[in-house]
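Reading through the structure tokens given below for one structure.
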Amino acid sequence: METIVRLTAFLGIFASLALMEKVMPRRELSMSKLWRWFTNLSLTALNIIIVRVLFGAALVKTAVFAGESGWGVFNYLKFPYILEFLVTIVFLDFMIYIQHILSHALPIFWRLHLVHHTDLDFDVTTAARFHPLEIIISLIYKLGLIIAIGASPAAVIAFEIILNGSAQFNHSNIKLSDRLDRILRWFIITPDFHRIHHSVRQVETNSNYGFFLPYWDYLCGTYRSQPSLPHTEMVIGLKGYSDVSRLSFTSLIMLPFEKPASMYREEDKIVQEGFKGR
Ligand SMILES: [Zn+2]
């Protein structure tokens, strides 16, 4: 049942956004959509299969188990259900923000997460371009969080749908008016907000980490309101990963096992040299 609800939500949101991208695109795409979509959707399909085979409905089952066993904060402290439900969604969203920062800051996680950033365009399929190992780690992390807070199964399903739907929306290549974008940024992360995180400029990549609620970036000082170049001209991708022959589906699966070509390599060198100098 959970699978049907989540899959229906995913496909419904995907189809609506894909249609809007066609009708009101924000940017011209820089490369063949067919090739990119094949790559990104192949990763999506592989991730769905791996998660179903290895974990089944683990998130919901863990929430049920935590409830029956009396584990987690909400199973100790009794709050009104609606409050528990809302706090669960806000808390999980904050923890996904933290996970995203760690995915950039820790070289071992960056190796996995860079697959997401190697997309040379930015549209609804980018939202699902993740390496399977990153998806597995994220799922195990979420299982731990569900046990820690004693999240209810309904809140877990709602969060997964919100997180997925929101990621699809804020990666989509749809044009919203500046005014609407400004208003929406009070409540959720918009495509113009998140696109900055996919800029090749490192200072821009290291900003706007949120996935659903924008407040974590506002409060933690990681918010950047606009890119240095206009949205229609800024370059999407990652330095050192512009060769499309290295970005096929099979290459992306192997990418984390190669030495990262950009971003943290130089910084790692500086840190290592700094340690040696001590
Ligand atoms: Zn990122």
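Numbering starts at 1 and runs along the sequence shown. The structure presented is a predicted model; accordingly, all values stated were derived computationally and were not measured. Start at 1 and go down the list; that is how both ligands and their atoms are numbered.
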Self-check item: Contact check, side chains of P227 and R195, non-hydrogen atoms, under 4.5 Å
Solution: no
Quiz item: At the Zn ion (ligand 1), what's the angle from H113 NE2 to H100 NE2, rounded to 10 degrees?
Solution: 90°
Quiz item: Does F91 have any ring-ring contact (aromatic ring centres under 6.0 Å, His included) partners at least two apart in sequence or in another chain, and if so, which?
Solution: none
Quiz item: Short check: any N/O/S atom of H117 below 2.8 Å from the Zn ion (ligand 1)?
Solution: yes
Quiz item: Where the Zn ion (ligand 1) is the corner point, what angle links NE2 of H104 with NE2 of H197, to 10°?
Solution: 90°
Quiz item: Does a side-chain N-to-carboxylate-O contact under 4.0 Å join R185 and D181?
Solution: yes
Practice problem: Inspect the contact between D123 and K33 and indicate whether a charged nitrogen and a carboxylate oxygen are less than 4.0 angstrom apart. | Solution: no
